[in-house]
Peer 1: 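My structure is below; once you've seen it, I'll send some questions.
Only heavy atoms go into these numbers, but all of them, side chains included; no hydrogens, no water, no symmetry mates. In this chain, numbering begins with 1 at the start of the sequence shown.
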Amino acid sequence: MLEITGGDSSHDRPGLDLVAVLDVSGSMAGAKIAKAKTAMLFMIKKLSSIDRFSVVTFSGDAIRLCPLRQISENSRKELENLINGLKASGNTNITAGLQTGLKVINDRSLRRGRSVGIMLLSDGEQNAVVLKAIADNSIEGTFSEVQNTANLSIAFSQCLAGLLTRVVEDLKLTITRCGDESKIQQVIAGSYPQSKNDTTGSRTVTFGSLYAKEVRKVIVDLLLSPAEQERGAGVLEISYS
């Protein structure tokens, strides 16, 4: 068994580029949109001056209400006014909302050394399966079903806490046999994607992000070469990037 543990996030973390993709369709009217606003205002308060925030709304179509804005005293007030002005009406087009949110991330001119995240909020009427599929198709995506809208801020704060304690991005673990001393039979790493190099016999597991104090475990099944007598030998090489 191999274990990788995330370090301490108290050191300088990368700035976060966060896009909130919000359902403002008619089914969100009333208490739902009010609780969504409360959750968004809470998040804006938790972001710091190294972070940037963008808001995308969707109903029948999607609109980018603002580009990625650096968090400052002035922009915080402008973003709060933007959130408070949201109104619910129309149909639900999650695809348009997600594509617009992805475009905000992909069109960034400043990318180097920055962390990214998209938070998608919908009341999920007939869309819970879609929302879960979106999360499952992201290496580190998470899906939270909030039955009680009063708990919406808690769900968002937990997600944001993860993004603000991210210590490693694009983590890859490569496991390689040592010559003819061993043969890798299988690598068990949950649902994380794996690739195999037939030439070297190595396996690479792609983890995505690693958060402070988070532990990832990998089990490697090895077939060792026969030994006629006691001897020492390297059987596995491990590297990560």
Side-chain angles (χ1 to χ4, degrees), residues 1-22 36 38-56 68-71 76 79 98 101-102 104-106 108 110-122 131-146 151-175 187-195 203-220 238-241:
M1 178 180 286
L2 312 177
E3 290 189 359
I4 303 179
T5 305
D8 191 348
S9 65
S10 61
H11 302 295
D12 291 342
R13 66 172 178 86
L16 173 65
D17 289 340
L18 180 61
V19 182
V21 180
L22 309 175
T38 301
M40 288 299 106
L41 294 173
F42 172 82
M43 283 210 317
I44 292 170
K45 284 186 174 67
K46 292 297 180 183
L47 296 174
S48 69
S49 59
I50 63 172
D51 303 315
R52 299 189 297 179
F53 188 64
S54 172
V55 180
V56 170
L68 284 166
R69 298 286 308 277
Q70 196 84 34
I71 298 297
R76 204 185 301 270
L79 289 166
L98 185 59
L102 286 167
V104 172
I105 294 296
N106 292 332
R108 293 174 302 151
L110 176 60
R111 298 181 178 215
R112 186 175 178 83
R114 296 196 65 79
S115 184
V116 299
I118 294 178
M119 289 190 182
L120 173 62
L121 168 69
S122 175
L131 292 170
K132 188 175 186 307
I134 291 169
D136 289 344
N137 277 278
S138 172
I139 292 174
E140 58 200 272
T142 60
F143 168 70
S144 299
E145 186 172 2
V146 183
N151 296 328
L152 196 58
S153 290
I154 296 174
F156 271 87
S157 65
Q158 289 172 338
C159 186
L160 182 63
L163 292 171
L164 296 181
T165 55
R166 183 185 280 164
V167 292
V168 174
E169 290 191 321
D170 299 326
L171 175 63
K172 294 183 179 181
L173 176 72
T174 299
I175 304 155
V187 175
I188 303 170
S191 60
Y192 294 105
Q194 293 186 34
S195 60
R203 308 283 183 94
T204 297
V205 182
T206 301
F207 287 112
S209 295
L210 187 68
Y211 300 91
K213 308 301 182 184
E214 182 183 17
V215 179
R216 300 278 173 85
K217 297 182 179 181
V218 175
I219 294 175
V220 183
I238 305 160
S239 62
Y240 61 84
S241 62

Peer 1: Output the distance between atom CZ (Arg203) and atom OG1 (Thr174), rounded to the nearest 0.5 Å.
Peer 2: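 Those atoms lie 12.0 Å apart.
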
Peer 1: More than 12 heavy atoms of other residues, nucleotides or ligands under 6.0 Å from CD of Glu145: is that the case?
Peer 2: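 No - once you tally the heavy atoms of other residues, nucleotides and ligands closer than 6.0 Å, there are 12 at most.
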
Peer 1: Can you sort out the partners of Arg112 under side chain to side chain contact (heavy atoms under 4.5 Å, CB included), two or more places apart, ordered by chain and number?
Peer 2: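 Applying side chain to side chain contact (heavy atoms under 4.5 Å, CB included) to Arg112 gives none.
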
Peer 1: Under the salt bridge (charged side-chain N to carboxylate O under 4.0 Å, His left out) rule, what pairs show up with a residue in residues 151-165, not counting sequence neighbours?
Peer 2: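 Output for this query is empty, none listed.
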
Peer 1: Determine whether Thr38 and Leu152 satisfy the following criterion, side-chain contact (heavy atoms from CB on, under 4.5 Å), listing intermediate values before the conclusion.
Peer 2: CA-CA 9 Å; Thr38 301; Leu152 196 58; over 6 Å; no

Peer 1: Drop me the distance from Glu214's CD to Leu171's CG, to the nearest 0.5 angstrom.
Peer 2: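 If I round to the nearest 0.5 Å, the distance is 9.5 Å.
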
Peer 1: Please identify each residue that fulfils salt bridge (charged side-chain N to carboxylate O under 4.0 Å, His left out) with Arg52, with sequence neighbours left out.
Peer 2: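 With sequence neighbours excluded, Arg52 shows a salt bridge (charged side-chain N to carboxylate O under 4.0 Å, His left out) to Asp17, given in chain and number order.
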
Peer 1: Measure across Ser48 and Asp51 and return the closest heavy-atom pair with its distance rounded to 0.1 Å.
Peer 2: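 That would be N-OD2, 2.8 Å.
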
Peer 1: Starting at OG of Ser144, measure out to CG of Leu131 and round the result to the nearest 0.5 Å.
Peer 2: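 If I round to the nearest 0.5 Å, the distance is 10.5 Å.
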
Peer 1: Would you please name every residue forming a side chain to side chain donor-acceptor pair (under 3.5 Å) with Asp136, sequence neighbours left out?
Peer 2: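 Checked Asp136 against side chain to side chain donor-acceptor pair (under 3.5 Å); matches are Lys132.
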
Peer 1: Using a 4.5 Å cut-off on heavy atoms from C-beta on, say whether the side chain of Leu16 contacts that of Leu160.
Peer 2: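 Touching, per the 4.5 Å side-chain cut-off.
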
Peer 1: Looking only at atom types and distance, does a side-chain atom of Arg108 sit under 3.5 Å from a main-chain N or O of Ile105, one as donor and one as acceptor?
Peer 2: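 Yes: the side chain of Arg108 pairs with the backbone of Ile105.
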
Peer 1: For the CZ atom of Arg76 and the NZ atom of Lys45, what is their distance to the nearest 0.5 Å?
Peer 2: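 Between Arg76 CZ and Lys45 NZ, I get 8.5 Å after rounding to 0.5 Å.
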
Peer 1: Of all heavy-atom pairs between Ala189 and Val205, which one has the smallest distance, and what is that distance?
Peer 2: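 Of all heavy-atom pairs spanning Ala189 and Val205, the closest is CB-CG1, 3.8 Å.
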
Peer 1: If you apply the rule side-chain contact (heavy atoms from CB on, under 4.5 Å), what do you find for Thr142 with Gln158, and how did you get there?
Peer 2: CA-CA 11 Å; Thr142 60; Gln158 289 172 338; over 6 Å; no

Peer 1: Starting at OG of Ser195, measure out to NZ of Lys172 and round the result to the nearest 0.5 Å.
Peer 2: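 If I round to the nearest 0.5 Å, the distance is 7.0 Å.
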
Peer 1: If I compare all heavy atoms of Leu210 with all of Arg216, which pair ends up nearest, and what's the gap?
Peer 2: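 Minimum heavy-atom separation between Leu210 and Arg216: CD1-CG, 3.6 Å.
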
Peer 1: For Tyr211, look at atom OH and say whether over 12 heavy atoms of other residues, nucleotides or ligands are found less than 6.0 Å away.
Peer 2: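 Yes - once you tally the heavy atoms of other residues, nucleotides and ligands closer than 6.0 Å, there are more than 12.
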
Peer 1: Taking all heavy atoms of Val187 and all of Ile175, pick out the closest pair and write down the distance.
Peer 2: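 Answer, listing the atom of Val187 first, then Ile175: CG1-CD1, 4.1 Å.
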
Peer 1: Between Phe156 and Met40, does a side-chain contact (heavy atoms from CB on, under 4.5 Å) hold up when you go through it step by step?
Peer 2: CA-CA 8 Å; Phe156 271 87; Met40 288 299 106; 3.3 Å; yes

Peer 1: Quick one: CD1 on Ile71 to CG on Leu47, what's the gap to the nearest 0.5 Å?
Peer 2: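 If I round to the nearest 0.5 Å, the distance is 5.0 Å.
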
Peer 1: Of all heavy-atom pairs between Leu18 and Met119, which one has the smallest distance, and what is that distance?
Peer 2: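 Here Leu18 and Met119 meet closest at CD1-CG, 4.1 Å.
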
Peer 1: Can you list the residues that meet the side chain to side chain donor-acceptor pair (under 3.5 Å) rule with Glu169, with sequence neighbours excluded?
Peer 2: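 Once residues adjacent in sequence are excluded, the partners of Glu169 under the side chain to side chain donor-acceptor pair (under 3.5 Å) criterion are Ser115, Arg166.
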
Peer 1: Go through the structure and list residues passing ring pair (Phe, Tyr, Trp, His ring centres under 6.0 Å) with Phe207, not counting sequence neighbours.
Peer 2: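 Counting only residues at least two positions away or on another chain, Phe207 forms a ring pair (Phe, Tyr, Trp, His ring centres under 6.0 Å) with Tyr192.
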
Peer 1: What is the minimum heavy-atom distance between Gly101 and Val21, and which atoms define it?
Peer 2: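 Heavy-atom minimum between the residues: CA-CG2, 4.0 Å.
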
